[in-house]
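Presented below is the structure to which this report refers.
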There are 2 protein chains.
Amino acid sequence: MQTAKESRSDTVERKKQKRPIVDCDIHHFTGLNLIKPYMPREYRELVETYGTAMPGSMHFNGGVGGRMVDSFPPEGGPAGSSLAYMQKHLLDPYNIKYGILTGESLGVQATINFDYAAAYCSAVNEYTYEHWLANDKRLKGSVLIPKQDPTSAAKEIDRIGSRPEFVQVLVHNGAMLPYGNRYYYPIYEACVRHNLPLTIHVGGEGAGMNSAATGAGHVTHYIESRAARPQVMMAHLASFIFEGVFERFPTLKVVLQEAGVFWIVPYLWRLDQDWKSLRVQTPWVRKKPSEYFRDHVRVTTQPIEATPNREVFDQMMEHIYAKDTMMFCSDYPHWDFDSPQLALPRLDDELADRVFYQNAAELYGFPSIGSAREEESE
Amino acid sequence: MQTAKESRSDTVERKKQKRPIVDCDIHHFTGLNLIKPYMPREYRELVETYGTAMPGSMHFNGGVGGRMVDSFPPEGGPAGSSLAYMQKHLLDPYNIKYGILTGESLGVQATINFDYAAAYCSAVNEYTYEHWLANDKRLKGSVLIPKQDPTSAAKEIDRIGSRPEFVQVLVHNGAMLPYGNRYYYPIYEACVRHNLPLTIHVGGEGAGMNSAATGAGHVTHYIESRAARPQVMMAHLASFIFEGVFERFPTLKVVLQEAGVFWIVPYLWRLDQDWKSLRVQTPWVRKKPSEYFRDHVRVTTQPIEATPNREVFDQMMEHIYAKDTMMFCSDYPHWDFDSPQLALPRLDDELADRVFYQNAAELYGFPSIGSAREEESE
């Protein structure tokens, strides 16, 4: 195989042909850096800050290339690439007892090349194990799976899932079919075998082999693509419930990550209401949708919606069953990072214990908050 | 042209050929009524009650073929086909001063044959004018447009829109591209020319040339397709705001119909929040998303979500700006019909006047509730 480097050739000499030629298709290089000076200022600034917006990475982002400004390690390298800096910047100062790593590789779940996706996921999992989980016991891993091919996804869960350092299975939000569809059952069988929750993290909406980001087609702006995230989660949530996934897999837990949280409240009102009228069509759905939600679904906080006042916030927390369902997350090192100190209005101690520690501890099998506090005071 | 009837031929006699033949593709008739006895009972009952669930009409429905049991005219014919029965059954007893007709033909907006769609829409509009609007002054019409072809859609608005009996332009929710996209501008130019609001009614999600019903692809069950409706409306609402449609068309009003209402509340919290962080990318969006909503968007009640208690209901009404944005509708004669008496918890008089009459009167240019009451007492 000739590499790009070897194929550079300062010494190429080709004998000039006699016949005059018209060549109708010659690709000269027109990279972003070369054309940038010819862009209007607003786009020049956008691509400088966020990179390109083209298929594969359809939208701009926030912060600096999507990352918060102070998350780049002082020794150089991408944000989130240095364990030492993450310890100093996130884990130590915020007293994070356990942190679940989710990585940056979810996009591979939208490629149609299933075997490549499988190889890629295994590589991410092994790298994460060797360079991160083995070096800081606070960090736990997510099994990245080629979810577009449920059979090989299940194999990866079986290969990795019994290592105690991995505590969940990770898929992105974008999909060709909603996640309650039986197409995905081999994944849930494997989750249940290894007692691992399935976490749906935003990403991949409208990308690659996935459906357009909304039920009205592709969207134009980054802020619209963010607005699409809860829409897609809604589709997955209804699909899990009405396809009967939680009846078939009674121990399966699902985590909804980074699509906001309070949209769930009126959505459950609606699902409960429709279920009362239409349950004859899905007789395997034996409980109210909101009961399945409470029993099987967990939501992480970032980015939680800012409510107009405290009273509404408290009601939303009650009707999303936050005491049982809500778990803190920071989204480090992304630009819309939430610190534990500022993410939420001040909660009473009992609720704060649940949201910031205990709900996650119960889901992932960590020591209880009581023993974590004892350890602190020793 | 030979019609199906003429082509029936009891007298066909074809001379028998000598060569023995194998024919590898013969379509025998296998209609639903013929195969029904071979279906398991639950599907036999479903198709008897709701008809088929196949492309074109992908999901079952509620009620009887989607209609409420007592809406079929005693003289025979489909539900909603008799003006006399509608007067007796709906308009007179509920004291409906004005009723906006929306018809049953929205599906044509998902066909790729643009010229056929245009002819079909004109026919619906003329039929509605001649048989309904001309015969009961309480009834007002919606201009059905071939929205998939904005240029001919604008022509139909120009053709019909100046007739005072037509008070809005009607599109269904399903789409190939979200409605803020500039593809649709000719429609909004025509709406503004004729001072007609654009009403988005649920329907068409995932049908014909429209995108799949959700950002996670196609859904399985009718109840999921209902759950998809607010998702698609969310996409349109974000698109209108962030594409700057309300800046470009400052007098345009948009009505969201039959996708529920309270999902809008946390969605606006989210949009406001993201706009604060990301407005640099859409500098033409000069106001908070919730302000555009309040100024430009109206929502109709049916099917409003049942909240867990009155306190939450009142807060939702406040944060959806119901006093300015909410308008009653019944969805007659569909199975999930709301009567004005039961649709909502009891509202105080001022709010009830706004929701049941005045907000619509202001949008559509009807006499004020004061003059309607005077007329009553005369």
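Each chain gets a letter, A, B and so on, in the order its sequence line appears, and its residues count up from 1.
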Can you tell me which of [options] forms the most heavy-atom pairs within a distance under 4.5 Å of chain A?
options: B/P230, B/G215, B/G217; answer: B/G215
options: B/S239, B/S277, B/A238, B/P178; answer: B/P178
options: B/I264, B/L278, B/N210, B/N181; answer: B/L278
options: B/H236, B/E205, B/E311; answer: B/E311
options: B/T214, B/L271, B/V265; answer: B/T214
options: B/M176, B/R226, B/H218; answer: B/R226

N-O pairing of A/D272 and A/K276 below 4.0 Å: no
Salt bridge present between A/E48 and A/R44 (N-O < 4.0 angstrom): no
Would you find a donor on one side and an acceptor on the other, under 3.5 Å apart, between the side chain of B/Q148 and the backbone of B/I112? no
[X] side chain near [Y] side chain, heavy-atom distance below 4.5 Å:
X: A/W284; Y: A/R248; value: no
X: B/V285; Y: B/I241; value: yes
X: A/M68; Y: A/H334; value: no
X: A/D70; Y: A/F337; value: no
X: B/R270; Y: B/P289; value: no
X: B/E224; Y: B/H59; value: no
X: A/Y188; Y: A/V254; value: no
X: B/L198; Y: B/F240; value: yes

Can you tell me which of [options] forms the most heavy-atom pairs within a distance under 4.5 Å of chain B?
options: A/P308, A/A228, A/A227; answer: A/P308
options: A/E45, A/M234, A/E305, A/Q315; answer: A/Q315
options: A/F60, A/Y222, A/W263; answer: A/Y222
options: A/E42, A/R279, A/Q273, A/R229; answer: A/Q273

Atom group of [X] that falls short of 4.5 Å from chain B, counting heavy atoms:
X: A/D336; result: neither
X: A/M233; result: neither
X: A/T282; result: side chain
X: A/N61; result: backbone
X: A/L46; result: side chain
X: A/Y267; result: side chain
X: A/D274; result: both
X: A/I304; result: backbone
X: A/A259; result: backbone
X: A/W275; result: both

Whatever's closer than 4.5 Å to a heavy atom in chain A on B/A213 counts as backbone
Would you please indicate if the ring centroids of B/H221 and A/F242 are separated by under 6.0 Å? no
Will you find, in the side chains of A/Y179 and A/E243, an N or O donor that is under 3.5 Å from an N or O acceptor? no
